[in-house]
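Naming convention: chains lettered A, B, ... in sequence-line order (proteins, then strands); numbering from 1 in each chain.
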2 protein chains.
Amino acid sequence: MATDEFELIRHYFSELGCDRSGSVRLGVGDDCAIIAPPHDRELVVSIDTLVEGTHFLPGTSGDKVASRLLGAALSDLAAMGAVPAFFTLALTLPEVDEAWLAAFSGKLAELAKQHAVQLVGGDTTRGSLTLSVQVHGWTAVGKAIQRSGANVGDRIFVTGTLGDSKAGLETLLQKTVGEHVPYLQQRFFSPEPRLTTGQIIADYATAAIDISDGLLADLNHLLQRSQVGAMINPAELPISQTLYRWVGEKRSREWALTGGEDFELCFTVPALLEPKLAWALRHHDVAVTCIGQITDSPGIVLAEDGRIWPVEAGGFNHFTDVK
Amino acid sequence: MATDEFELIRHYFSELGCDRSGSVRLGVGDDCAIIAPPHDRELVVSIDTLVEGTHFLPGTSGDKVASRLLGAALSDLAAMGAVPAFFTLALTLPEVDEAWLAAFSGKLAELAKQHAVQLVGGDTTRGSLTLSVQVHGWTAVGKAIQRSGANVGDRIFVTGTLGDSKAGLETLLQKTVGEHVPYLQQRFFSPEPRLTTGQIIADYATAAIDISDGLLADLNHLLQRSQVGAMINPAELPISQTLYRWVGEKRSREWALTGGEDFELCFTVPALLEPKLAWALRHHDVAVTCIGQITDSPGIVLAEDGRIWPVEAGGFNHFTDVK
């Protein structure tokens, strides 16, 4: 068993993934990685941490932790409209479990290759299972989508379906069995970063955020940064058939509004650009749904069938355990 | 007490430090930070993790953890000869201890300002106390000092004094009292990243590494990457008077060779450039000591008074607890 950290890092985490931008001059193995920024590009960076017992149940296999970790981190790049380039990994482990590490690094390598992002450095330490990934991507100068650009009248869109990840967590906590379980747990463990969608919408979106804490909570962050409000029609929320069949309309809408960790994108587009957006997305295989619009009243109101009611922003709080 | 992670981050970690390069276009508060790379610069990045019970004793105050964390991380930039620019922080906390956080963020802000490095993002999660910092710096194109460039005949230098940090840890573990304690514990908790030294030597050094795992272990990494060997004279090892007085010659040399976490630089310079190096460092206030030279025989030999003996590479292993 390799107990020396250098051997451990070298064995499982050397030469993993790839960087299509060609910006990585030196990867794993020195005091720092060296990156040559491409001409006319800006760098976007984000760091994300997963903790056993907080973000995933003890005993979760290495491949599931890897897909959850990298998917969630890359989702932040998607929300900026960026092209992924490279990442680092800080891995804190209670012990050297070679089977777990093999599953973890195998899945990490598979996804890093799929998303064309290269591991360039890391740190391996001993302690409770905690994983931090910092992802880096490139955007054209001035083209990163921020949270702060939404304007009154903009349409509000979300990608994919909402609430599935929360439902997946519930099936784990409740030890549910049934045909809904594989899909929902896959949505929880293997979030699909909407990278291509983010890159397409970057030409039209005024603001964007990824949904990690729940739609209401994250939309609220966007609204606060943009100093605007929003009106959402709950009947327009995109909900998967699997989720709807399992818990019905009321609960599925609730989870779509407040369930965390969907890692879908929420973004705003001027009404006039909606046809161009639709055209740009015509061959795209990720659903994009308009769920409401930006208003000039602070906060979020829900509007359906002529009824209107304000909501308190709520969402997944990372200080809630799943132990 | 602020238990919401967003409030917590905002309260303690917004607008911290500064970036003299002016490259930070957007800092804390969006999905990603946005960086505009300066013209003709390359980016160097490194991530470092500290775990309570592994790298510092439970109950260590926030300011000490902050100086240890940022000092160690910036030391990796120093080893590349880079100018620090920005950093991110992944903070995993068992609970929201406001006094600890205030001390931590206060010291972090002080040091970030001192070293001109700006906090641009982070993630706060619940779990055992674990801290990861990723630091980013700029170098001129092709000028980052790597581990791989040492050549036979190059002189081997180290900065400052060695073994003090290991001694500081020993005073903590043994609960020693005495006049040596403050200096040695300060060396353990407040490593001084040799940033200016790194920037000066970048014009002369063929290879460099920072000493985090012990001189022999880290020099060995440099030798392996450069495919050379080294001869070291133990009598030339720079040892502080405080350490020498406390443990005597034999133990202080042992700790200088194998004690971890000194965060001094070890670097190699062609013999012909030694006078130029000395001239460049003439007004510099950090001691730089020649301790040996690069050879063509793999591994490290110690040579003193006509005697020569090979050494096994040994060093601080991060899988060793200090609980």
Side-chain angles (χ1 to χ4, degrees), chain A residues 3-6 25-26 29-37 41-55 76-77 79-80 82 88-90 92 96 120-128 130 132 134 136-137 139 141 144 146-148 208-210 221 225 317-321, chain B residues 3-6 25-26 29-37 41-55 76-77 79-80 82 88-90 92 96 120-128 130 132 134 136-137 139 141 144 146-148 208-210 221 225 317-321:
Chain A
T3 52
D4 181 274
E5 69 161 321
F6 307 106
R25 289 225 0 217
L26 183 71
D30 214 297
D31 291 286
C32 294
I34 306 176
I35 311 297
R41 284 288 175 278
E42 285 181 341
L43 177 74
V44 296
V45 302
S46 174
I47 191 162
D48 267 299
T49 301
L50 290 189
V51 181
E52 185 182 64
T54 301
H55 302 92
D76 284 314
L77 296 186
M80 307 299 280
T88 59
L89 171 68
T92 303
V96 178
V120 300
D123 195 9
T124 309
T125 50
R126 181 180 176 133
S128 304
T130 307
S132 289
Q134 175 151 332
H136 308 70
T139 68
V141 174
Q146 300 180 29
R147 297 178 180 176
S148 53
I209 191 168
D210 76 322
H221 295 314
R225 298 280 287 194
N317 188 316
H318 286 176
F319 276 88
T320 306
D321 284 355
Chain B
T3 51
D4 181 273
E5 68 161 322
F6 307 107
R25 290 228 357 220
L26 184 71
D30 215 296
D31 292 286
C32 294
I34 305 176
I35 311 297
R41 283 288 175 279
E42 286 181 339
L43 178 73
V44 296
V45 303
S46 174
I47 191 161
D48 267 298
T49 302
L50 290 188
V51 182
E52 185 183 65
T54 301
H55 302 93
D76 284 313
L77 296 185
M80 306 299 281
T88 61
L89 171 67
T92 303
V96 178
V120 299
D123 194 8
T124 310
T125 51
R126 179 178 176 135
S128 303
T130 307
S132 288
Q134 175 152 332
H136 309 70
T139 68
V141 175
Q146 300 179 31
R147 296 178 180 176
S148 53
I209 191 168
D210 76 322
H221 295 315
R225 298 278 288 193
N317 188 317
H318 286 176
F319 275 88
T320 306
D321 285 353

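Across all their heavy atoms, B:Ala90 and A:Ile47 have their closest contact at CB-CD1, 3.9 Å. B:Leu43 and A:Pro37 make their closest contact through N-CD, 4.3 Å (heavy atoms, listed as atom of the first residue, atom of the second, distance). Across A:Thr54 and B:Arg126, no two heavy atoms sit closer than the pair OG1-O, 2.6 Å.
For A:Arg41, the side-chain contact (heavy atoms from CB on, under 4.5 Å) partners are A:Pro38, A:Trp138, A:Ala140, not counting sequence neighbours.
Taking NE2 from A:His55 and OG1 from B:Thr125, the interatomic distance works out to 5.5 Å, rounded to the nearest 0.5 Å. In this structure, the separation between CD on B:Gln146 and CD1 on A:Ile34 is 4.0 Å, given to the nearest 0.5 Å. Here CG of A:Leu26 is found 6.0 Å from CE of B:Met80. Values are rounded to the nearest 0.5 Å.
Distance alone, capped at 3.5 Å, places no donor-acceptor pair between the A:Thr49 side chain and the B:Asp123 backbone. Using a distance-only test at 3.5 Å, with no hydrogens or angles considered, a donor-acceptor pair links the side chain of A:Ser46 to the main chain of B:Asp31.
Across B:Thr130, B:Val51, B:Val45, the residue that shares the most heavy-atom pairs under 4.5 angstrom with chain A is B:Val45. Ranked by heavy-atom pairs shorter than 4.5 Å toward chain B, the options A:Ala144, A:Ala36, A:Ala33 are led by A:Ala33.
Contact annotation for B:Arg147: both backbone and side-chain heavy atoms come within less than 4.5 Å of a heavy atom of chain A. Looking at B:Ala82, neither its backbone nor its side chain comes within 4.5 Å of chain A, counting heavy atoms on both sides. Proximity to chain B (any heavy atom under 4.5 Å) is shown, for A:Leu50, by neither the backbone nor the side chain.
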